[in-house]
**Student:** 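Please see the structure below; I have some questions.
Start at 1 with the first residue, then count along the sequence. A quick note: this is a predicted structure, and the numbers were derived from the prediction, not measured. Just so you know, these numbers use all the heavy atoms, side chains as well, and skip hydrogens, waters and symmetry mates.
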Amino acid sequence: MSEPSRLSSRFRHVVFPADPRGRKRIVNFAAPEELPLPPTHASPVLGPDSASFLHWLFARAGLEARLYRTETLQRRLPACLRMLRVRTPTQARHLLEGNAALIPTALSAMLVGVTSFFRDPGLFDFLGREVLPELARGRAGLHVWSAGCSDGAELYSVALLLAEMGLLGGSYLLGTDCRPDALARARAGVFEAAALKNLPLPLRERYFTAAEGRWQVAAALRTSLRWRGADVLKTQEPGVWDMILCRNTIMYMRTDATQLLWERFETGLRPGGVLVLGKAERPLGGKRLSILARCVYRRKRG
């Protein structure tokens, strides 16, 4: 695309911001024949003190540290210790045992969820132009589940597109995450300006209000979404979903821990429904999923 991506006329000509450096942005949605997987390396080993602390911390939230990639845990542990202002995992555990209110914050430091509105604008342009209109053809609304939703920015992004189509009122949108503090932020719908950097200005003007240097999603939009605490590796949300978003979450988990997850996603999607993943994620072992575009997989009909 030599020009900034533009949503179809049904979205009131919302224009995504151009690259601030003036470079052309090319988006290729052609389905590749084969997507290369990252090179494999010998798995690092956590020290006994680190492993003991992380297993204890994750267990407090009903999670299992062994299901997450060791290199991810190693990379995030120093940030967790800095946040707690301690030097060792042993000190961190002693601190949290005496102040359980800090446990959710420590867990979030280990499972940091980086997200924003319309993250990957080309993808959301494609969802708005092609995917959502097709899924909604002849229907009053859609069922959308965001698994590992973090603070909800991506589910809110889908809600904005549905609102522009006049379908939000008839839709059911659910976000789930294992971190209580992330869900609290999602419910509040208050975001820093940086989270809105890819948000088209007309959408900000229609659906947001300024709130002490930040931006809050309009109440009418906030009350249309639902949020629930859940571990994506253990919980299958009931219902048949038109779209499931699980972006930049599974990449931090061990491959052998996610084998059943793909089957749950396939089962949860209605025939023709779509699964939206992050750039580094592939539905390995998915039997009823075919690639529709980069990061977008469709459950086969029939």
Side-chain angles (χ1 to χ4, degrees), residues 1 3-17 27 29 115-147 149 151-176 186-191 195-211 215-228 237 239-245 247 268-276 292-293 295-296 298-299 301:
M1 264 170 233
E3 297 293 334
S5 301
R6 183 179 295 276
L7 295 177
S8 64
S9 58
R10 74 171 65 222
F11 297 110
R12 308 182 193 177
H13 301 291
V14 176
V15 179
F16 286 101
V27 181
F29 285 113
T115 185
S116 61
F117 284 83
F118 293 96
R119 187 182 186 191
D120 191 352
L123 169 63
F124 278 92
D125 181 38
F126 178 67
L127 295 180
R129 285 187 297 105
E130 305 289 341
V131 177
L132 292 176
E134 180 181 346
L135 291 174
R137 188 172 292 120
R139 304 176 62 194
L142 298 177
H143 286 203
V144 181
W145 170 28
S146 178
C149 65
D151 61 12
E154 290 190 340
L155 187 59
Y156 276 121
S157 297
V158 174
L160 290 170
L161 295 177
L162 291 174
E164 291 291 283
M165 296 172 65
L167 294 173
L168 185 60
S171 297
Y172 179 79
L173 288 84
L174 172 67
T176 61
R187 291 188 182 97
V190 178
F191 296 88
L196 278 63
K197 64 181 180 180
N198 292 320
L199 182 71
L201 181 58
L203 294 185
R204 193 187 73 183
E205 293 176 342
R206 282 197 286 275
Y207 299 105
F208 289 78
T209 57
W215 293 91
Q216 183 169 35
V217 181
L221 199 68
R222 293 200 313 273
T223 56
S224 299
L225 280 65
R226 301 289 180 268
W227 311 100
R228 183 179 303 153
E237 294 298 332
V240 179
W241 302 97
D242 298 292
M243 176 183 290
I244 297 175
L245 298 103
R247 305 193 68 219
L269 284 170
R270 71 173 175 87
V274 298
L275 172 65
V276 185
L292 178 62
C295 304
V296 184
R298 172 182 285 157
R299 177 177 166 174
R301 294 180 172 88

**Student:** Ala211 and Gln216: which non-hydrogen atoms are nearest, and at how many Å?
**Tutor:**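 So the minimum-distance heavy-atom pair works out to CB-CB, 4.3 Å.
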
**Student:** How long is the straight-line distance from CH2 of Trp145 back to CG of Leu155, given to the nearest 0.5 Å?
**Tutor:**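 Answer rounded to 0.5 Å: 12.0 Å.
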
**Student:** For the CZ atom of Phe118 and the CD atom of Glu154, what is their distance to the nearest 0.5 Å?
**Tutor:**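 So the gap between those two atoms works out to 10.5 Å.
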
**Student:** Taking side chain to side chain contact (heavy atoms under 4.5 Å, CB included) as the definition, give me every residue that meets it alongside Ser224, ordered by chain and number, with sequence neighbours left out.
**Tutor:**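 For Ser224 the side chain to side chain contact (heavy atoms under 4.5 Å, CB included) partners, ignoring immediate neighbours, are Leu168.
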
**Student:** Using the rule given for side chain to side chain contact (heavy atoms under 4.5 Å, CB included), can you reason through His143 versus Arg270, listing the C-alpha separation, both sets of side-chain angles and the distance that settles it, and then say yes or no?
**Tutor:** CA-CA 10 Å; His143 286 203; Arg270 71 173 175 87; over 6 Å; no

**Student:** Before you tell me yes or no, could you show the steps for Asp242 and Arg139 under side chain to side chain contact (heavy atoms under 4.5 Å, CB included), namely the whole-Å CA-CA distance, both residues' side-chain angles and the distance that decides it to 0.1 Å?
**Tutor:** CA-CA 11 Å; Asp242 298 292; Arg139 304 176 62 194; 2.4 Å; yes

**Student:** Which heavy-atom pair separates Phe124 from Ser157 by the least distance, and what is that distance?
**Tutor:**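 Phe124 and Ser157 have their closest heavy atoms at CE2-CB, 3.7 Å.
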
**Student:** Specify the closest pair of heavy atoms between Leu162 and Ser171, including all atoms of both residues, with the distance to one decimal.
**Tutor:**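 The pair with the smallest heavy-atom distance is CD1-OG, 3.8 Å.
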
**Student:** Which heavy atom of Leu269 sits nearest a heavy atom of Arg299, and at what distance?
**Tutor:**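 Looking at all heavy atoms of both residues, the closest pair is O-NH1, 2.7 Å.
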
**Student:** Side chain to side chain contact (heavy atoms under 4.5 Å, CB included), that's the test. Do Val276 and Leu123 meet it? Break it down for me.
**Tutor:** CA-CA 9 Å; Val276 185; Leu123 169 63; 3.9 Å; yes

**Student:** Just to verify, which of Leu160, Val190, Leu203 counts as forming a side chain to side chain contact (heavy atoms under 4.5 Å, CB included) with Phe208?
**Tutor:**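 One option only clears the test, and that one is Leu160.
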
**Student:** Under the side chain to side chain contact (heavy atoms under 4.5 Å, CB included) test, which residues partner Glu134, sequence neighbours left out?
**Tutor:**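 Listed in chain order: Arg137, Arg298, Arg301.
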
**Student:** What's the shortest heavy-atom distance between Met165 and Ala136, and which atoms?
**Tutor:**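 For Met165 versus Ala136, the nearest heavy atoms are CE-CB, 4.3 Å.
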
**Student:** If I take atom CG from residue Leu174 and atom CD1 from residue Ile244, how far apart are they, to the nearest 0.5 angstrom?
**Tutor:**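 Answer rounded to 0.5 Å: 10.5 Å.
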
**Student:** What class does the angle between the rings of Trp227 and Tyr156 fall in, given that below 30° is parallel, 30 to 60° is tilted and above 60° is perpendicular?
**Tutor:**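 Tilted: the ring planes of Trp227 and Tyr156 meet at 30° to 60°.
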
**Student:** Do the non-hydrogen side-chain atoms of Met243 and Val131 ever get within less than 4.5 Å of each other?
**Tutor:**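 Side chain of Met243 against side chain of Val131, heavy atoms only: contact under 4.5 Å found.
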
**Student:** Roughly how far, to the nearest 0.5 Å, is the CZ atom of Arg247 from the CG atom of Asp120?
**Tutor:**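 Here the rounded value is 5.5 Å.
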
**Student:** Stepwise, does the side chain to side chain contact (heavy atoms under 4.5 Å, CB included) test hold for Tyr207 with Trp215?
**Tutor:** CA-CA 10 Å; Tyr207 299 105; Trp215 293 91; over 6 Å; no

**Student:** Mind listing the closest non-hydrogen atom pair of Ala195 and Ser116 along with its distance?
**Tutor:**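 Closest pair (atom of Ala195, atom of Ser116, distance): O-CB, 3.5 Å.
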
